[in-house]
Student: 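Structure in structure tokens, see below.
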Amino acid sequence: MESIPRIISVDDHTVEPPRVWSDRLPAKFRDVGPRIVRAPVKELTFVGGRFTPVMGAPGDDGPEADWWIYEDLHRPLTRLDTAVGYSRDEVRLEGITYEQMRPGSFGVPERLADMDRNHVQSALCFPTFPRFCGQTFTEASDRELALLGVRAYNDWMVEEWCGPEAHGRLIPLGIVPLWDAGLAAAEVRRNAARGVRAVCFSEIPPHLGLPSVHTDAWDPFLRACAETRTVIAMHIGSSSRMPSTSADAPPAVGSVITFANCCFSLADWLMSGAFERFPDLRIMYAEGQIGWIPYVLERADVTWEQNRAWGGVADKVRRPPSELFAEHVHGCFFDDAFGLRSLDAIGAGNVLYETDYPHSDSTWPHSKEVAERQMGHLPQDDVERIVRGNAIELLGLTEEGLWAHAAR
């Protein structure tokens with residue numbers, strides 16, 4: 001390995017500024033749309049994979065935090081949302097205010113400065129308040145307001161977060177109204193027309209009360225993604241259910257097995273027939289790491305070879321799953337030495353790099369050093385593909401690794 005080129009991170013996060021929705025919703029919705037209030041934290045737990053915050057009333061005891069309010073949802077900003085700049089021992093489950101977070105979490109100039117410090121050229125950022133696939137709006141009762149909320153977020157993402165001030169270095173990632181595949185398809189096409197090449201989706205939709213990928217219910221959405229070359233990006237936790245072993249398991253248990261939902265999801269997609277129906281479809285697993293992939297592919301191929309007749313897939317999966325993976329799937333990682341030692345079994349063209357800024361697992365500001373330590377055995381061509389080349393191809397970036405439509 002000669003050097004680590006400038007990184008294109010395919011999994012970072014934005015903490016939305018307070019006025020994203022109040023500035024964009026029609027006047028009649030501004031008092032009921034997503035908005036920030038400051039209030040005490042009465043209770044905050046994360047046990048058994050479940051995050052449970054309770055907001056206190058004015059005058060109650062407890063530390064103050066900034067809370068997103070939307071219908072019945074009260075969701076505080078937390079230190080886990082934006083942990084960079086703090087020592088690991090200081091990163092606790094606690095509510096915070098905007099003043100208590102690193103400005104690069106929500107400010108574009110400050111984000112670019114932190115990217116420079118971390119050898120990062122460009123970054124694709126997942127949502128915070130909408131959650132990883134926009135399920136906050138899917139769970140809302142007022143569908144008219146929810147659809148406006150989805151569109152407002154996408155407008156902010158394209159026009160401000162990835163707007164001229166970002167100089168093409170922030171790459172837009174949209175959300176869709178998951179409760180209606182036709183509306184989701186329309187939103188994919190609306191955003192694709194302005195250069196958006198990635199959209200969030202749930203790793204396991206039935207956990208959200210939605211159809212699985214084994215039905216044809218998602219076909220309008222999948223067709224829109226395939227025809228516009230919009231990659232489907234699935235982040236760990238995008239099913240609103242993090243893996244856990246018991247109701248009383250501490251968060252550390254879930255942190256060890258965060259990749260588990262990706263395993264289940266990949267098995268779904270490989271056995272769904274979706275890649276046969278939509279040959280141009282591409283998907284990626286954000287923050288799922290990659291070391292688990294070789295065995296899942298081996299097992300999927302054995303299952304397809306030996307059990308497809310009675311396994312319900314003979315008529316829709318006509319090629320070995322590992323071949324479908326090679327053409328349609330990307331795994332994403334930020335710290336996975338084992339996975340990189342197994343790269344031959346995964347494919348250098350199927351791996352993307354990420355930094356997870358500003359979350360507690362982030363390798364910021366040492367992502368380059370992590371890459372040097374873990375990729376030192378790889379040929380330079382593979383390093384360049386993993387660190388930036390694959391992302392350029394997948395996300396339709398310029399040869400310089402910038403979002404080509406930033407000036408629009």
Side-chain angles (χ1 to χ4, degrees), residues 10 124 133 171 173-174 176 178 181-182 184-193 195-205 210-234 238 262-286 288 290 293-294 296-305 307-309 311-332 345-352 385 389-397 404:
V10 297
L124 183 80
C133 65
I171 306 161
L173 172 63
V176 293
L178 291 169
E187 189 63 13
V188 166
R189 295 185 191 280
R190 182 176 83 95
N191 291 315
V196 179
R197 288 281 301 275
V199 64
C200 300
F201 191 65
S202 175
E203 59 203 351
I204 308 177
L210 300 169
S212 79
V213 296
H214 299 290
T215 72
D216 60 2
W218 293 107
D219 280 11
F221 168 70
L222 301 183
R223 184 174 297 107
C225 291
E227 291 177 355
T228 61
R229 297 298 180 110
T230 298
V231 62
I232 295 175
M234 293 171 285
S238 56
C262 298
C263 300
F264 303 153
S265 177
L266 181 58
D268 264 344
W269 280 92
L270 293 177
M271 298 301 180
S272 70
F275 298 139
E276 307 271 2
R277 299 198 306 277
F278 303 104
D280 293 323
L281 198 62
R282 307 281 285 276
I283 69 173
M284 58 174 267
Y285 288 100
I290 60 174
I293 291 175
V296 171
L297 294 181
E298 176 183 291
R299 179 60 188 165
D301 278 357
V302 169
T303 298
W304 179 81
E305 183 68 35
N307 301 330
R308 64 180 181 268
V313 298
D315 60 340
K316 60 182 180 179
V317 181
R318 302 186 182 279
R319 298 164 57 199
S322 60
E323 291 185 12
L324 298 175
F325 175 91
E327 295 177 7
H328 297 275
V329 186
H330 285 77
C332 311
I346 303 168
N350 297 85
V351 175
L352 304 166
R385 293 176 75 183
N390 292 335
I392 289 173
E393 184 273 330
L394 186 66
L395 299 172
L397 307 179

Student: Under a 3.5 Å distance rule, please check whether Ser202 uses its side chain to pair with a backbone N or O of Ser238 as donor and acceptor.
Tutor: yes
Student: Do the side chain of Asn350 and the main chain of Ala326 share a donor and acceptor less than 3.5 angstrom apart?
Tutor: yes
Student: Can you confirm whether Cys200 sits close enough to Leu173 that some side-chain heavy atom of one is under 4.5 Å from a side-chain heavy atom of the other?
Tutor: yes
Student: Is any side-chain heavy atom of Trp304 closer than 4.5 Å to a side-chain heavy atom of Leu270?
Tutor: no
Student: Between side-chain atoms of residues 275-284 and protein atoms elsewhere (two or more places apart, or another chain), which donor-acceptor pairs fall under 3.5 Å?
Tutor:
{"residue": "Glu276", "atom": "OE2", "partner": "Arg318", "partner atom": "N", "Å": "2.9"}
{"residue": "Arg277", "atom": "NH2", "partner": "Asp219", "partner atom": "OD1", "Å": "2.9"}
{"residue": "Asp280", "atom": "OD1", "partner": "Arg229", "partner atom": "NH2", "Å": "3.4"}
{"residue": "Arg282", "atom": "NH1", "partner": "Glu393", "partner atom": "OE2", "Å": "3.4"}
{"residue": "Arg282", "atom": "NH2", "partner": "Glu393", "partner atom": "OE1", "Å": "3.0"}

Student: Which heavy atom in Ala181 sits nearest to a heavy atom in Pro220, and how many Å separate them?
Tutor: O-CB, 3.9 Å
Student: Locate the shortest heavy-atom distance separating Ala391 from Val10; write the atom from each residue and the value.
Tutor: CB-CG1, 3.9 Å
Student: The test is side chain to side chain contact (heavy atoms under 4.5 Å, CB included); show your working for His328 and Glu323 and say whether it passes.
Tutor: CA-CA 9 Å; His328 297 275; Glu323 291 185 12; over 6 Å; no
Student: Can you tell me which residue among Leu178, Thr230, Val176 is in a side chain to side chain contact (heavy atoms under 4.5 Å, CB included) with Phe221?
Tutor: Val176
Student: Could you grab the distance from atom CG of Leu297 to atom CG of Leu266, nearest 0.5 Å is fine?
Tutor: 6.0 Å
Student: Under 6.0 Å between ring centres, would you say that holds for Trp218 and Phe201?
Tutor: yes
Student: Between Ser272 and Trp269, is there a donor-acceptor pair closer than 3.5 Å when you use the side chain of the first and the backbone of the second?
Tutor: yes
Student: Hey, does the side chain of Asp301 reach the backbone of Ser322 with a donor-acceptor pair shorter than 3.5 angstrom?
Tutor: yes
Student: Starting at SG of Cys133, measure out to CG of Leu210 and round the result to the nearest 0.5 Å.
Tutor: 8.0 Å
Student: Mark yes or no for whether His330, through its side chain, and Gly349, through its backbone, hold a donor-acceptor pair below 3.5 Å.
Tutor: yes
Student: In the structure I gave you, are the side-chain heavy atoms of Val296 and Arg299 within less than 4.5 Å of one another anywhere?
Tutor: no
Student: Is there side-chain contact between Val231 and Val199, with at least one heavy-atom pair below 4.5 Å?
Tutor: no
Student: Does some side-chain heavy atom of Met271 sit less than 4.5 Å from a side-chain heavy atom of Pro321?
Tutor: yes
Student: So how far is it from Asp268 CG to Ile204 CD1, rounded to the nearest 0.5 Å?
Tutor: 7.0 Å
Student: Strictly distance-based, threshold 3.5 Å: is any side-chain N or O of Thr215 a donor or acceptor partner for the main-chain N or O of Pro211?
Tutor: no
Student: With a 4.5 Å limit on heavy-atom distance, are the side chains of Cys332 and Tyr285 in contact?
Tutor: no
Student: Using salt bridge (Lys or Arg N to Asp or Glu O under 4.0 Å) as the criterion, list what pairs up with Glu187, not counting sequence neighbours.
Tutor: Arg151, Arg190
Student: State, yes or no, whether a side-chain contact exists between Leu222 and Val213 at a heavy-atom distance under 4.5 Å.
Tutor: no
Student: Heavy-atom distance under 4.5 Å between the side chains of Ser265 and Met234, does that happen here?
Tutor: yes
Student: Between the main-chain N or O of Leu352 and the side-chain N or O of Asn390, is there a donor-acceptor pair closer than 3.5 Å?
Tutor: no
Student: How long is the gap from CD on Glu203 to SG on Cys262, to the nearest 0.5 Å?
Tutor: 6.0 Å
